[in-house]
Visitor: 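Next up is a structure, given as structure tokens.
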Amino acid sequence: MALSEHESRAHEQAAWRDAIGVGALLLLLVLWEVSGLDLPLARLYGNAEGFSWRNHWLTGGMLHGGARAVALSLLAYVALSVWLSVPLLRSVSQRGRIWMLATILLCVALIPLLKQVSSTSCPWSLVEFGGEARYVPHWLLGYSDGGPGGCFPAGHASSAFGFLAGWFALRGSAPRTARWWLILTVTVGLLLGWVQMMRGAHYLSHSLWTAWICWAVTTSSFHSTRSWREKYSSGASSSL
């Protein structure tokens, strides 16, 4: 069914707002990079003997392996919603749930691929923290820090930020649920990013870049697939 002029204009305005949001977040991220706070923050938790939180049961166990297990469980829940009516996602059309699942998988697959081509080493690999690398900002492309590399952006944070698709999927049919989904996703993502910084696994900017990449990818995916999601749609079921 063709969209009315009013609906088309509303969709265009939403796309512009989301694009401006992506740009504004990128600007904030650039300002963080200019601040040069990555290394000073890492020094709060590391010294010449390394990072005491690296293998701690809380940060290295519960908030690392445990958080990953929770993310996998939530991913399975989203996958189940494609075929079954489940709480939280009942108001989203089936195509919307398929899009949500595919976008989450895209985000969590993209971050490791980017890490594979990164020459940036993790903080725990720096000489001042007991490693062999020297500090080189990750935005200085083509410069090797002498370490193993493969540490940018942050993979663990994508366990949360990859689920930003839930905000987009729900905001039209269940705005209250969408807001809580966004708040929890961002809060958990930032927590996981801070934990990885405490462990020496990443600089904080690595997790912030993961958040931005997931947000940009999800925004682009949401608006580029809108016509497919709404085609033959019989409408969402009752809101929560």
Side-chain angles (χ1 to χ4, degrees), residues 1-35 78 89 91-115 117-118 137-139 141 152-155 157-190 192-193 204-231 233 235-236 239:
M1 178 182 292
L3 294 177
S4 68
E5 182 179 351
H6 175 73
E7 289 174 323
S8 297
R9 188 179 299 112
H11 290 169
E12 183 178 349
Q13 291 174 346
W16 273 109
R17 285 196 301 270
D18 288 340
I20 291 172
V22 170
L25 291 174
L26 179 60
L27 177 59
L28 291 175
L29 192 47
V30 170
L31 291 176
W32 174 268
E33 295 285 6
V34 172
S35 74
V78 175
L89 299 177
S91 64
V92 182
S93 68
Q94 184 182 42
R95 288 197 175 198
R97 297 192 298 269
I98 292 173
W99 167 83
M100 182 178 171
L101 175 62
T103 303
I104 293 170
L105 291 173
L106 174 61
C107 289
V108 298
L110 178 61
I111 299 302
L113 290 176
L114 293 174
K115 288 181 65 177
V117 298
S118 170
H138 53 81
W139 41 264
L141 303 178
F152 174 83
S158 67
S159 298
F161 292 127
F163 288 90
L164 286 167
W167 150 253
F168 288 88
L170 287 160
R171 66 181 183 177
S173 59
R176 183 178 180 182
T177 303
R179 284 193 295 272
W180 278 109
W181 188 291
L182 179 63
I183 290 170
L184 287 173
T185 298
V186 173
T187 300
V188 173
L190 292 175
L192 296 182
L204 187 58
S205 66
H206 292 190
S207 297
L208 297 179
W209 274 106
T210 294
W212 183 83
I213 291 169
C214 290
W215 186 266
V217 167
T218 303
T219 299
S220 176
S221 172
F222 180 76
H223 290 289
S224 64
T225 62
R226 180 186 292 277
S227 60
W228 175 83
R229 295 194 318 275
E230 296 181 350
K231 188 176 182 180
S233 175
S239 180

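Any value given below was found using the heavy atoms of this structure, including those in side chains, with hydrogens, waters and symmetry copies removed. Because the structure is a prediction, the values reported are computed rather than measured.
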Visitor: Find out whether Leu192 and Ser207 are in side-chain contact, i.e. whether some heavy atom of one side chain is under 4.5 Å from a heavy atom of the other.
Guide: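 No, every pair of side-chain atoms sits at 4.5 Å or beyond.
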Visitor: What's the shortest heavy-atom distance between Ile111 and Pro153, and which atoms?
Guide: CG2-CG, 3.8 Å
Visitor: Counting distance only, does the side-chain N/O of Trp181 pair as donor-acceptor with the main-chain N or O of Phe163 below 3.5 Å?
Guide: yes
Visitor: Are any of the side-chain heavy atoms of Leu114 and Ile213 separated by less than 4.5 Å?
Guide: yes
Visitor: Begin with the C-alpha distance, continue with both residues' side-chain angles, and end with the deciding distance and a verdict on side chain to side chain donor-acceptor pair (under 3.5 Å) for Ser221 and Thr103.
Guide: CA-CA 7 Å; Ser221 172; Thr103 303; 3.1 Å; yes
Visitor: I'd like to know if the side chain of Arg229 and the backbone of Ser93 have a donor-acceptor N/O pair within less than 3.5 Å.
Guide: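 Not confirmed, Arg229 side chain does not pair with Ser93 backbone.
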Visitor: To the closest 0.5 Å, what do you measure between CG (Leu101) and CG (Leu89)?
Guide: 10.5 Å
Visitor: Any non-hydrogen side-chain atom of Ser35 less than 4.5 Å from a side-chain atom of Leu31?
Guide: no
Visitor: Taking the side chain as C-beta and beyond, is there a heavy-atom pair between Val22 and Trp212 under 4.5 Å?
Guide: yes
Visitor: Report the C-alpha separation of His223 and Asp18 in whole Å, then their side-chain angles, then the decisive distance to 0.1 Å, and conclude whether the side-chain contact (heavy atoms from CB on, under 4.5 Å) test is met.
Guide: CA-CA 9 Å; His223 290 289; Asp18 288 340; 2.6 Å; yes
Visitor: Working note: Ile104 + Leu164, criterion side-chain contact (heavy atoms from CB on, under 4.5 Å); need CA distance, chi angles, decisive distance, verdict.
Guide: CA-CA 8 Å; Ile104 293 170; Leu164 286 167; over 6 Å; no
Visitor: Can you give me the closest heavy-atom contact between Ile183 and Thr187, atom names plus distance?
Guide: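 Between these two residues, the closest heavy atoms are O-OG1, 2.7 Å.
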Visitor: Just so I know, are the side chains of Lys115 and His206 near enough to count as touching, which here means a heavy-atom distance under 4.5 Å?
Guide: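 A side-chain contact is absent here, since even the closest heavy-atom pair is not under 4.5 Å.
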Visitor: Side chain to side chain donor-acceptor pair (under 3.5 Å) between Trp99 and Gln94: does it pass, once the steps are laid out?
Guide: CA-CA 9 Å; Trp99 167 83; Gln94 184 182 42; over 6 Å; no
Visitor: For Cys107 and Thr218, which heavy atoms make the closest approach, and how far apart are they?
Guide: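 Closest pair (atom of Cys107, atom of Thr218, distance): SG-OG1, 3.7 Å.
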Visitor: Is there side-chain contact between Trp139 and Glu33, with at least one heavy-atom pair below 4.5 Å?
Guide: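 Touching, per the 4.5 Å side-chain cut-off.
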Visitor: How close do Leu26 and Trp209 get, counting heavy atoms only, and between which atoms?
Guide: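 Taking every non-hydrogen atom into account, CD1-CH2, 3.8 Å.
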Visitor: Can you tell me how far apart OG1 (Thr185) and CG (Leu190) are? Round to the nearest 0.5 Å.
Guide: 10.5 Å
Visitor: Counting only N and O atoms by type, is there a donor-acceptor contact under 3.5 Å from the side chain of Arg97 to the main-chain atoms of Val78?
Guide: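 Not at all, since once roles are kept as given, no pair shorter than 3.5 Å links the two residues.
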Visitor: Between Ser158 (side chain only) and Phe161 (backbone N and O only), is there a donor and an acceptor less than 3.5 Å apart?
Guide: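 A pair under 3.5 Å: no.
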Visitor: Pair Met100, Arg95 - check side-chain contact (heavy atoms from CB on, under 4.5 Å), show working.
Guide: CA-CA 8 Å; Met100 182 178 171; Arg95 288 197 175 198; over 6 Å; no
Visitor: Are Arg171 and Leu182 close enough that some pair of their side-chain heavy atoms sits under 4.5 Å apart?
Guide: no
Visitor: Hey, does Leu25 have a side-chain heavy atom less than 4.5 Å from the side chain of Trp215?
Guide: yes
Visitor: More than 12 foreign heavy atoms under 6.0 Å from CH2 of Trp32: is that the case here?
Guide: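 Buried by this count: over 12 neighbours within 6.0 Å.
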Visitor: Could you report the tightest heavy-atom contact between Ser173 and Ser91, atom names first, then the distance?
Guide: OG-OG, 2.9 Å
Visitor: Quick one about His138 and Ser118 (side-chain donor to acceptor, distance below 3.5 Å, no hydrogens or angles considered), yes or no?
Guide: no
Visitor: How far apart are the closest heavy atoms of Ala109 and Pro112, and which atoms are they?
Guide: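 Distance-wise, the nearest heavy atoms are O-CD, 3.3 Å.
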